[in-house]
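Report on one structure; see the data block that follows.
All heavy atoms count here, side chains included; hydrogens, waters and symmetry mates do not. Chain A is the first sequence line, chain B the second, and so forth, proteins listed ahead of strands; every chain is numbered from 1.
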2 protein chains.
Amino acid sequence: MRFSKQRELIKNIVQETNSHPTAYWIFNKAKKKISNISLGTIYRNLNKLNKDGIIDIFYDNNIARYDWNTLSHDHLKCNKCGKIIDVKMHTKELQKEVWNQYKFETENIEITISGTCKKHMNFKEK
Amino acid sequence: MRFSKQRELIKNIVQETNSHPTAYWIFNKAKKKISNISLGTIYRNLNKLNKDGIIDIFYDNNIARYDWNTLSHDHLKCNKCGKIIDVKMHTKELQKEVWNQYKFETENIEITISGTCKKHMNFKEK
DNA sequence: GTTAATAATAGTAATCATTACTATTTAAAT
DNA sequence: ATTTAAATAGTAATGATTACTATTATTAAC
Ligand SMILES: [Mn+2]
Ligand SMILES: [Mn+2]
Ligand SMILES: [Zn+2]
Ligand SMILES: [Zn+2]
């Protein structure tokens with residue numbers, strides 16, 4: 001794989017945010033540095049970076065989100081503000097349990113918990 | 001909500017399979033009974049049935065799948081044969097932990113484990 | 001430094017899943 | 001039977017992503 005300033009930029013944009021951005025968000029950010037960068041270039045490179053293990057992809061409903069954090073982890077998604085937060089909820093235990101109960105060989109575990117984050121909660125009393 | 005034979009058929013198709021079908025699969029199945037049923041009718045009714053709590057929707061990568069099983073449960077997805085199997089992996093414990101650690105109010109928990117099912121595994125010895 | 005080979009790009013067209021629109025049909029209350 | 005509005009079929013539109021293609025740019029060899 002040969003160097004390109006577009007790919008370098010895209011990689012940096014993903015690695016500098018915790019927001020689990022979409023391709024379109026990355027596209028708009030990238031345009032500020034390379035004004036004529038194309039959306040196809042964004043997608044092509046995000047997929048390439050993912051295949052090389054540089055970044056992660058996961059799907060939030062029907063749209064892809066990109067994650068600098070390639071270590072196995074989980075997500076809390078707030079239905080009020082849309083924020084997606086990294087958490088660590090599952091352990092090697094779960095993988096063992098899946099093997100013991102179902103003889104299923106785990107490759108990847110994804111836990112997504114949706115609900116309301118503390119910022120957007122209405123407390124009964126103050 | 002008024003009766004319609006289209007909705008009745010769609011509901012029955014979803015409730016008679018464990019395959020977590022896509023809208024398109026349901027469409028083809030439905031056409032065998034009502035040959036001119038439209039794909040829009042499939043989607044409209046699947047969404048309606050979901051809003052009424054009759055069926056569940058979840059996303060497998062970027063495509064919607066429909067589930068007769070509306071009780072909270074998890075899925076094993078085999079990367080070899082594509083089969084998606086119902087399992088029960090999470091308990092109320094997890095919800096409590098999310099609250100204690102993050103003050104996050106859980107609405108829904110989704111665990112998807114991908115890997116290889118026992119049918120498609122190569123055992124080292126017989 | 002120049003040349004040659006080809007990976008990567010910008011711009012655009014195409015695809016796939018899903019939703020929106022609209023004239024017509026149909027369930028069901030009166 | 002008449003009336004009212006929910007539901008439908010058929011089609012158009014949308015949004016996310018991938019495919020295509022002529023041009024540009026990186027890198028290795030000379
Ligand atoms: Mn993350
Ligand atoms: Mn299920
Ligand atoms: Zn929030
Ligand atoms: Zn399998």
Side-chain angles (χ1 to χ4, degrees), chain A residues 1-14 17 19-67 75 77 82 84 110 112, chain B residues 1-14 17 19-67 75 77 82 84 110 112:
Chain A
M1 187 159 52
R2 197 145 95 161
F3 172 88
S4 94
K5 67 179 201 293
Q6 288 86 346
R7 179 160 46 243
E8 205 59 20
L9 173 60
I10 291 163
K11 191 180 71 186
N12 288 335
I13 289 173
V14 174
T17 182
S19 69
H20 304 93
T22 64
Y24 198 73
W25 187 95
I26 295 163
F27 177 50
N28 281 312
K29 204 109 207 277
K31 276 198 287 193
K32 289 170 188 170
K33 299 259 176 178
I34 301 173
S35 63
N36 71 331
I37 197 169
S38 112
L39 188 53
T41 298
I42 304 289
Y43 276 106
R44 186 168 12 83
N45 281 298
L46 287 169
N47 286 334
K48 205 162 290 186
L49 290 165
N50 174 248
K51 282 204 183 79
D52 287 11
I54 314 292
I55 64 172
D56 253 28
I57 304 182
F58 68 92
Y59 288 86
D60 172 26
N61 291 339
N62 49 153
I63 110 151
R65 291 187 174 273
Y66 301 87
D67 200 334
H75 294 116
K77 181 182 179 187
I84 296 170
E110 242 180 274
T112 305
Chain B
M1 187 158 54
R2 206 148 83 164
F3 172 88
S4 95
K5 66 179 201 291
Q6 288 86 346
R7 181 160 46 243
E8 205 58 21
L9 173 60
I10 291 163
K11 190 179 74 186
N12 288 335
I13 289 173
V14 174
T17 182
S19 69
H20 303 94
T22 64
Y24 198 73
W25 188 95
I26 295 162
F27 176 51
N28 282 312
K29 204 109 207 277
K31 276 199 289 193
K32 289 170 187 168
K33 299 258 176 180
I34 301 174
S35 62
N36 71 331
I37 197 169
S38 114
L39 188 53
T41 298
I42 305 289
Y43 277 106
R44 186 168 12 83
N45 281 298
L46 287 170
N47 287 334
K48 206 162 291 187
L49 290 166
N50 174 249
K51 280 201 184 82
D52 286 10
I54 313 291
I55 65 171
D56 253 27
I57 304 183
F58 67 93
Y59 288 85
D60 173 25
N61 291 340
N62 49 154
I63 109 150
R65 290 187 175 274
Y66 302 86
D67 200 334
H75 294 115
K77 180 182 179 186
I84 296 171
E110 242 180 272
T112 305

Do you know which two heavy atoms are closest between [X] and [Y], and how far apart they sit?
X: B:L39; Y: B:A23; value: CD1-O, 4.4 Å
X: B:Y59; Y: A:N61; value: CB-O, 3.5 Å
X: A:T17; Y: A:I13; value: CG2-O, 3.5 Å
X: B:I42; Y: B:A30; value: CD1-CB, 4.1 Å
X: B:I55; Y: B:N50; value: O-ND2, 3.0 Å

With a 4.0 Å limit, can you tell me whether [X] has a side-chain N or O closer than that to the phosphate oxygens OP1/OP2 of [N]?
X: B:R7; N: D:dA7; value: yes
X: A:Q6; N: C:dA10; value: yes
X: A:N47; N: D:dT18; value: yes
X: B:S4; N: D:dT8; value: yes
X: B:N45; N: D:dT8; value: yes
X: B:K48; N: D:dA7; value: yes
X: B:S38; N: D:dT8; value: no

*Describe the nucleic acid contact of A:L39 in one word from base, sugar-phosphate, nothing, applying a heavy-atom distance below 4.0 Å.*
base
*Under 4.0 Å between any heavy atoms, over every strand shown, what does B:Y43 touch: base, sugar-phosphate, or nothing? Just pick one.*
base
Nearest-Å distance for atom pair [atom1]/[atom2], residues [X] and [N]:
X: A:D60; N: D:dT17; atom1: CG; atom2: P; answer: 11 Å
X: A:N36; N: D:dT24; atom1: CG; atom2: C1'; answer: 11 Å
X: A:F3; N: D:dA28; atom1: CZ; atom2: C1'; answer: 17 Å
X: B:I42; N: D:dT11; atom1: CD1; atom2: P; answer: 17 Å
X: B:N61; N: D:dA16; atom1: CG; atom2: C1'; answer: 14 Å
X: B:N28; N: C:dA17; atom1: CG; atom2: P; answer: 12 Å
X: B:I37; N: D:dT11; atom1: CD1; atom2: P; answer: 16 Å
X: B:K5; N: C:dA28; atom1: NZ; atom2: P; answer: 13 Å

_Toward the 5' end of DNA chain C, by each residue's nearest nucleotide, B:Y66 or B:R44_ = B:Y66
*Any N or O donor-acceptor pair linking the side chain of A:R2 to the base of C:dT6 at under 3.5 Å?*
yes
*Check every atom of D:dT8, C:dA10, C:dT18 against the side chain of B:A64 and return the nucleotide holding the closest atom.*
C:dT18
*Verify the distance criterion only: is there a donor paired with an acceptor across the side chains of A:D67 and A:H75 at less than 3.5 Å?*
yes
*Pairwise 5' ranking along DNA chain D for B:G40 and B:N62, keeping only the more 5' one*: B:G40
